[in-house]
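Below: the structure, in structure tokens.
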Amino acid sequence: MKKIIFSVALLAAGVAFTSCSENLLDTEQKGVGDSNSFYKTDADAKSAVTAMYATYIDEIAGNEGIWNAYLTGINYHSDDVLAAGGGTDDHLDFRIMNEMRYDASSAAPNKLFNHIYKAVYTSNVILQYFGGSADTPAKKKAVAEARVMRAWAHMLAAQVYYQPPLVDHIIGLGEYVGNETSQQDIFNWCVKECEESIADLPDRNGPNDKEGAWVVTKGFAQFVAGKSALFAGDYKKCASVIKPLVESSNYALVPGEKFRDLFHVEGDGCSEKIFEFNYKTNTAPAGGSDAWRTGNGRGRWMVANVFNWRGDDIVGGGKAPKICSTGGWGGAAIQQDFAHKMLANDGDSYRRKATFLTSDEFFYDEDLCGWNSDVQNGKHLTLEEKKFDKNRGINKESFSRSDVMEVKMMMHPNDADLSVGDNCNNTNVCLARLAEAYLIYAEACIQNGDLAEAQKYIRMIQDRAGSQTKTESIASKEEGMKILMDEKQYELWFEGCRWFDIVRWGIAKECFDKVLDQIPYQTDEYTTSNGAKPHKLAYTVKHPFAKIGVSLKFTEGKNEYWPLPQDELDVNPNLHQVRGWKNNN
């Protein structure tokens, strides 16, 4: 089952035809079955579920050309990520999410909204045709899988958009769904959907069951229910529904030395993965080799270039460091203050070195980075020779990068699907892993006053990470939350959590105010001294947006969420903008 290639096995139940003659309407469509005869058997249910997974993969893990609305958009909307690239106008479609320069017409809010509800539609198809007549275990399992995936999609929607539409059925012609349902009611609905589905879902068959990480199981239902309850502020419910997951023998944290693998092909389907999109990259399912430009391509072709180091700024280009699969465009850099904080907390931990490299590690460590010039004339360079090696280094001032080099989400050579190119990342897209479940459970325990239980799971995270900072005990709820908030940022950097957490914790404005227009410009002391000093990364903080007259501001009551897309508002009279996005004020 490794790297499934899905075919389109399911189409919309109803198709509207326009501008066609009567004789065309009477022509039998080839390869399209009647919905009244299709949704009957166990095989039909399995086929429908396969098509549902294919749609979720295409919509959530697919690309928008050179970026991805889920991976890039959500993670850029964070205080510990820098939308680097080539300058203030580079990659504007998605870099503006990092700088609070977006509005209801911007690409990311529009794209992700559209993707979420297209995916929800495929869940609703299964539920409409099997939901009331599931009379076999296979059909009941299909319904349960559809309900959990739909709950996950709505949980995501409510994290990104305030009061998004709750779409629990196939929308008919002329029907307009509004957004009157409260945030808390949406999250509570997600909890209920998952809880009612658990009985019809299988367990993962032990921590070595790779395929159990690629389909909806009891574990993923418990994860979605627990996370939704956390966002609903129902900590007792959160702890009760996610506790069976964190105690399950079907999952295990990978060893510290394998932490790096969690974000690369070596970690696909590993013991820590609760659910991930397992897919085979296909850049041209419709439209030939240029299909990626229209967003038709499944996978992350050229998204890898965004996340990789900026090749133009590196001596020898992007592939001179051996860790790189290809040259990159230098987006998604780690924010310097957070990096220094993590370094002080973690030291030389497995986790820290799998998240970012220090200057010495970047220039000189052959195991962590490595350069093509490490071996010259058949001999390994000594450290002293590397310090003044002209075949490595940063060759000019690099925008929005500091004295460290992030590695967590950049594409390594083994990740490349060479049948497509060295810039096509074939790593699965993870939606849920055990470490996050531990931290969700720990937070609920803190809020419930069970500090010893919270400390137990936080310590498990720290021990696995190899962090030099360990929590021996938690004396109060306030202390526990401080430790939890820091640990979650260290563990889950660039994993789609930070933005949602700082909003939920009520600290989003203070976090963003510290970093907006505080842009580091990276240099190499070897380059700036014309070879008189050894290679060493340095940086200067500048304010390029103020210089060009652009004011970056996080507006409280507004930028905690993305606006509902203007395109949707224009066609749906029941949909209305909420919070500070009303009248775009």
Side-chain angles (χ1 to χ4, degrees), residues 66-67 72 75-76 80-92 94-95 98-99 304-340 343 355-365 368-373 386-387 389-411 423 493-494 515-548 552:
I66 66 170
W67 59 290
T72 317
N75 284 299
Y76 268 40
D80 56 12
V81 172
L82 294 165
T88 56
D89 293 327
D90 195 20
H91 298 161
L92 275 179
F94 47 99
R95 74 165 304 113
N98 187 245
E99 298 148 355
N305 296 94
V306 175
F307 291 166
N308 279 10
W309 297 332
R310 190 162 185 86
D312 288 350
D313 298 348
I314 297 176
V315 173
K319 296 180 76 170
K322 295 179 183 178
I323 194 175
C324 297
S325 62
T326 186
W329 301 324
I334 191 167
Q335 202 276 338
Q336 65 274 12
D337 295 332
F338 167 64
H340 296 157
L343 181 60
T355 303
F356 66 88
L357 305 181
T358 64
S359 177
D360 283 352
E361 291 164 347
F362 171 64
F363 284 126
Y364 308 127
D365 194 312
L368 291 176
C369 184
W371 289 71
N372 291 329
S373 62
K386 290 178 182 179
K387 286 182 178 180
D389 175 25
K390 66 180 181 179
N391 296 308
R392 70 186 64 210
I394 302 298
N395 58 29
K396 59 183 176 182
E397 193 173 59
S398 192
F399 173 77
S400 209
R401 308 192 72 81
S402 66
D403 57 348
V404 299
M405 300 293 280
E406 76 290 333
V407 293
K408 186 173 183 178
M409 291 302 177
M410 68 179 292
M411 183 177 161
N423 63 348
W493 181 78
F494 213 88
V515 300
L516 287 175
D517 206 18
Q518 306 293 315
I519 308 300
Y521 283 69
Q522 181 188 75
T523 54
D524 178 358
E525 291 185 357
Y526 174 88
T527 303
T528 56
S529 69
N530 293 318
K533 294 182 178 180
H535 291 288
K536 183 179 180 181
L537 296 176
Y539 71 95
T540 302
V541 173
K542 300 182 183 181
H543 315 286
F545 293 96
K547 186 175 180 179
I548 62 175
L552 304 186

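Quick caveat: nothing in here was measured; it's all calculated off a predicted structure.
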* To do: Compute the ring centroids of Phe363 and Tyr526, then answer whether they are less than 6.0 Å apart.
  => no
* Ignoring hydrogens and angles, tell me if any N or O in the side chain of Arg392 forms a donor-acceptor pair with the backbone of Pro321 under 3.5 Å. => no
* Structure fact -> Correct closest heavy-atom pair for Trp309 and Arg401 would be CD1-NH2, 3.3 Å
* Rounded distance (nearest 0.5 Å) linking atom OG of Ser400 with atom OH of Tyr539 -> 12.0 Å
* Asked: Do Thr72 and Phe307 have side chains that get closer than 4.5 Å, going by heavy atoms?
  -> yes
* So, does Asn308 use its side chain to make a donor-acceptor pair with the main chain of Met411 at under 3.5 Å? -> yes
* Mark yes or no for whether Asp517, through its side chain, and Leu552, through its backbone, hold a donor-acceptor pair below 3.5 Å. => no
* Measure centre to centre between the rings of Trp329 and His91, then say whether the value is under 6.0 Å. => yes
* Identify the heavy atoms of Asn423 and Ala304 that sit nearest to each other, and give their distance. => O-CB, 3.5 Å
* Can you find a side-chain donor-acceptor pair between Ser373 and Asn391 that sits under 3.5 Å? -> no
* To do: Over all heavy atoms of both residues, which pair between Asn305 and Gly327 is shortest? Give the atoms and the distance, please.
  => ND2-O, 2.9 Å
* Checking Lys408 side chain against Trp493 main chain: does a donor-acceptor pair fall under 3.5 Å? -> yes
* Asked: To the nearest 0.5 Å, how far apart are OG1 in Thr527 and NZ in Lys533?
  -> 12.5 Å
* To do: Mark yes or no for whether Lys386, through its side chain, and Tyr364, through its backbone, hold a donor-acceptor pair below 3.5 Å.
  => yes
* Asked: Counting N and O atoms only, with roles assigned by atom type, does the side chain of Asn98 sit under 3.5 Å from a partner on the main chain of Val81, one being a donor and the other an acceptor?
  -> yes
* Structure fact -> Heavy-atom nearest pair, Arg95 first then Phe545, reads NH2-CZ, 4.3 Å
* Show your reasoning for whether side chain to side chain contact (heavy atoms under 4.5 Å, CB included) applies to Leu82 and Gln335. => CA-CA 6 Å; Leu82 294 165; Gln335 202 276 338; 4.2 Å; yes
* Structure fact -> So CD1 of Ile314 and CE of Met405: to nearest 0.5 Å the spacing works out to 5.0 Å
* Asked: Can you tell if the side chain of Glu361 reaches within under 4.5 Å of the side chain of Cys369, non-hydrogen atoms only?
  -> no
* To do: Drop me the distance from Phe356's CZ to His340's NE2, to the nearest 0.5 angstrom.
  => 7.5 Å
* For Gln522 against Ser402, the heavy-atom pair lying closest together -> NE2-O, 2.6 Å
* Lys396 side chain near Asp312 side chain, heavy-atom distance below 4.5 Å -> yes
* Decide yes or no for Lys322 and Asn372: does some side-chain heavy atom of the first lie under 4.5 Å from some side-chain heavy atom of the second? => yes
* Asked: Are any non-hydrogen side-chain atoms of Lys542 and Ile519 less than 4.5 angstrom apart?
  -> no
* Asked: Are side-chain heavy atoms of Asp365 and Leu357 found at a separation under 4.5 Å?
  -> no
* Asked: Is the NZ atom of Lys390 crowded by more than 12 outside heavy atoms at less than 6.0 Å?
  -> no
* Output, in order, the C-alpha distance, side-chain angles, deciding distance and verdict of side chain to side chain contact (heavy atoms under 4.5 Å, CB included) for Asp403 and Ser359. => CA-CA 6 Å; Asp403 57 348; Ser359 177; 5.5 Å; no
* Minimum heavy-atom distance Ala333-Ala84, with the two atoms named -> CB-CB, 4.1 Å
* Mind running side chain to side chain contact (heavy atoms under 4.5 Å, CB included) on Val306 and Phe94 for me, showing each step along the way? => CA-CA 11 Å; Val306 175; Phe94 47 99; 3.8 Å; yes
* Asked: Would Tyr521 and Phe399 count as a close aromatic pair, with their ring centres under 6.0 Å?
  -> yes
* Decide side chain to side chain contact (heavy atoms under 4.5 Å, CB included) for Phe362 and Ile394; before the verdict, give the C-alpha distance in whole Å, the side-chain angles of both, and the deciding distance to 0.1 Å. => CA-CA 11 Å; Phe362 171 64; Ile394 302 298; 4.1 Å; yes
* Are Asp524 and His535 close enough that a side-chain donor and a side-chain acceptor fall under 3.5 Å? -> yes
